[in-house]
2 protein chains.
Amino acid sequence: MSADGTGRTVARARTGVTLSDVAREAGVSLATASRAINGSIDRTVRADLKERVLAAAARLHYSPDANAQAMARGRTATIGLIVHDIADPYFSSIAAGVTGAADEAGCAVTLANTHHDPRRELEFVQTLQNQRARAIILAGGRRDDAEGNEQLRAALENYQERGGTVAMIGQPILGVSTVRPDNRGGGGALADALHELGYRDVAILAGPPGHLTARERATGFRDAMAVSGTEILPDAVVPSEFTRDGGYAAMRTLIDARRVPELVFAVNDVMAVGAMSAARDAGLDVPGQVAFAGFDDIATLRDVAPALTTVRLPLEEIGRLATPLALEPAAEPREITVTGDVVVRESTPRR
Amino acid sequence: MSADGTGRTVARARTGVTLSDVAREAGVSLATASRAINGSIDRTVRADLKERVLAAAARLHYSPDANAQAMARGRTATIGLIVHDIADPYFSSIAAGVTGAADEAGCAVTLANTHHDPRRELEFVQTLQNQRARAIILAGGRRDDAEGNEQLRAALENYQERGGTVAMIGQPILGVSTVRPDNRGGGGALADALHELGYRDVAILAGPPGHLTARERATGFRDAMAVSGTEILPDAVVPSEFTRDGGYAAMRTLIDARRVPELVFAVNDVMAVGAMSAARDAGLDVPGQVAFAGFDDIATLRDVAPALTTVRLPLEEIGRLATPLALEPAAEPREITVTGDVVVRESTPRR
DNA sequence: CTGTTAGCGCATTCAA
DNA sequence: TTGAATGCGCTAACAG
């Protein structure tokens, strides 16, 4: 292993092999070693020297120190991904897209899980700024909270002034490039499809009052229904958490109040499947007595029965799209709108 | 904003505010500023000075450079998490556990998604080593691949020689601390429960031949059945991918061969739900004509119907457990065995 | 308790 | 093309 036979190689391994070790082993200068291993942009290294350096690096198991490189170069190859809940299939699919695209861009991904807590979100922006992450992707719908949004906007502003770039998946309200699912349009298209199938008596599991994604979907749905001549009364709009348990609880509320409609639209799929469970647990026939529709088309939906009608969002693709958006600095915030396709399945048979 | 009224504060913000800027602004030395902001272990700073430094830091929007800190301290606060597929609920739950525990330990998490490719796994170990990640958590079952395991073991060995620490979630075969789900025992307990329910005619969707987790679960199940007097013939053991689609395809195979048994045990839940879908798609009554059991108790299982019998593994907890295991260097590799609880549900009614 | 100074490992300037 | 020297921002000896 050791070229000089002193066994120094092994000893050094304990301490950490630096670029100067490699340079010495190869009999070149530090600068040359750096250029050989990196292929510096302007300079080029003679082939034989380069080979010698590479061989030495391999021999010594040289591992370039990314932190040192970050300092010297003034930038990292790290993307920060902030999600509300990584265990939620919506976000884990997006994360799969981001890690895939980041990989291809030669970037590592730092994952931050806020558990739906805006304060953690703010903290993570700070952490990622400390890390000097090159870019931040903020995934998940915003809230109708002027103060909270302003704080976050300020934090991102500050981050960007320091050279970081940002993309958002959700609503374009933070002054950064955004991948925007067309929630309103999707909700509307879904309503049209369901109206056409004969549904008139419908309730909405509407998510948290201030949650913009929830609101957009509910509003789009409700407005389209109204256009078709079906008013959805405030009474039939049930607020809830944006989670599976939220859907379950909201459905429970309807059942307990004996206000079970023909159709329940939950503003996302995890809520919808939770609600379906609540209906089943209450002994209701699904979709015979009550039909269900959701939004997102999360992967796990493939195996729920009856198959859930929903609006398909290409979640992994959304994650992929957000990555270059985050990486490439743009003079103006850009916006990519992703439309969803209505997918009618067994949970909403023709009435 | 700027204390001296020169507007320098803003100008500096573009360039990056360093600790010396803070020190100067506070009228103290670099060292004092460092100690004040960090609360160095041995030294302590006079209260009023500390306050002045903190105020200056806030005024300048100082953000400590984690890379520089890493260099100076000789270690980072980063944990690398390597998973096979972050979009798989099994891994996303583990990831939730890891991010939670890492957070509490003041560590950031770098997420690496291998897509089940052992080569990527190896590459990611290298990347994390370059990052000087303090610890690596390797989640996911190992393969029966001597050469592959040896390469990985060597890479981890090297990483550890450089001061990194490692934990594994899966099989303790890499010489590192491991959280080991008791797959064999779980499979056995499941078989006992199902045998007691009257099942005799059973097939196993066994996963990939070399996949240790799959093998342990299948073997545990099969052996226990044998002890109870029910032999499962090799014919009834169908290999497959370890994924939802793998389960679907394997079930399809059984159906096409007209070898549908009373009970199908799939070695993980995603395979089981895929298989259930295949059965339903083929018009079979579940569980009337064919019953199903899985393994893991992934979160999304709560909403599949009929509810799936399985072996519950506390996935998020497993992620949490792995974190200190990875963080605390141990003279000897440690091992935490996690046993699963059999949960009998509607997918396997008494026969 | 505070300040001065020497690196940490690397990329990159400037000279040769 | 190569090498010597500088500095990235910070912590930790060391000295006062």
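In what follows, every chain begins at residue 1, and chains take the letters A, B, ... in the order their sequences are listed. Predicted, not measured: the structure shown is a model, and the values here were computed from it.
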I'd like to check the side chain to side chain donor-acceptor pair (under 3.5 Å) partners of [X]; sequence neighbours left out, ordered by chain and number.
X: A:Q126; answer: A:N130
X: B:E335; answer: B:R180
X: A:D117; answer: A:R119
X: B:T114; answer: none

Distance test, side-chain N/O of [X] to OP1/OP2 of [N], below 4.0 Å:
X: A:S34; N: C:dC10; value: no
X: A:N38; N: C:dC10; value: no
X: B:S29; N: C:dT2; value: no
X: A:R35; N: C:dA11; value: no
X: B:T18; N: D:dG9; value: no
X: B:T32; N: C:dG3; value: yes

Nearest-nucleotide pick for A:A31, side chain only, options being D:dT1, D:dT11, D:dA4: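 Of D:dT1, D:dT11, D:dA4, D:dA4 is nearest to the side chain of A:A31.
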Interface residues of residues 102-110 of chain A with DNA chain C (non-hydrogen, below 4.0 angstrom):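 Correct list: empty, so none.
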DNA chain C contacts made by residues 65-76 of chain B, counting heavy atoms under 4.0 Å: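 Residues of residues 65-76 of chain B under 4.0 Å from DNA chain C: B:M71, B:A72.
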Side chain to side chain donor-acceptor pair (under 3.5 Å) contacts in which one or both residues fall within residues 168-179 of chain A, not counting sequence neighbours: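 Passing the test, one end in residues 168-179 of chain A: A:Q171-A:T213, A:Q171-A:E216.
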Atom [atom1] of [X] to atom [atom2] of [N]: distance rounded to whole Å?
X: B:L30; N: C:dC8; atom1: CG; atom2: P; value: 17 Å
X: A:R162; N: D:dC8; atom1: CZ; atom2: P; value: 16 Å
X: A:L19; N: D:dG3; atom1: CG; atom2: P; value: 12 Å
X: A:R24; N: C:dG9; atom1: CZ; atom2: P; value: 12 Å
X: B:I37; N: D:dA12; atom1: CD1; atom2: P; value: 14 Å
X: A:D21; N: C:dC10; atom1: CG; atom2: P; value: 9 Å

Contact list for residues 61-75 of chain A, test salt bridge (charged side-chain N to carboxylate O under 4.0 Å, His left out), sequence neighbours left out: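 Those involving residues 61-75 of chain A are A:D65-B:R132.
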Along DNA chain C (nearest heavy atom to each residue), the more 5'-positioned of A:Y62 and B:G27: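 It is B:G27 whose nearest nucleotide is closer to the 5' end.
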Flag, side chain of A:N67 to backbone of B:Q131, donor-acceptor distance under 3.5 Å: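 Judged by distance alone, yes, a pair lies under 3.5 Å.
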N/O donor-acceptor pair under 3.5 Å between A:R134 side chain and A:T76 backbone: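 Side chain of A:R134 to backbone of A:T76: a pair is present.
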Any residue meeting side-chain contact (heavy atoms from CB on, under 4.5 Å) with A:L122, in chain and number order, not counting sequence neighbours: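 A:L122 satisfies side-chain contact (heavy atoms from CB on, under 4.5 Å) with A:Q151, A:L152, A:A155 once adjacent residues are dropped.
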Qualifying residues under side-chain contact (heavy atoms from CB on, under 4.5 Å), relative to A:H116, sequence neighbours excluded: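 Counting only residues at least two positions away or on another chain, A:H116 forms a side-chain contact (heavy atoms from CB on, under 4.5 Å) with A:H84, A:D85, A:T243.
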Check: residues 97-109 of chain A side-chain donor-acceptor pairs under 3.5 Å, at least two apart:
from, atom 1, to, atom 2, distance (Å)
A:T99, OG1, A:A95, O, 3.0
A:T99, OG1, A:A96, O, 3.0
A:D103, OD2, B:R120, NH2, 2.0
A:E104, OE1, A:R320, NH2, 3.0
A:E104, OE2, A:R320, NH2, 2.6

End axis versus end axis in the helix from C:dC1-D:dG16 to C:dA16-D:dT1, the angle rounded to 10°, five pairs used at each terminus: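 That helix has its two terminal axes inclined by roughly 40°.
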4.5 Å side-chain heavy-atom contact, B:L156 and B:L138: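 B:L156 reaches B:L138 side chain to side chain.
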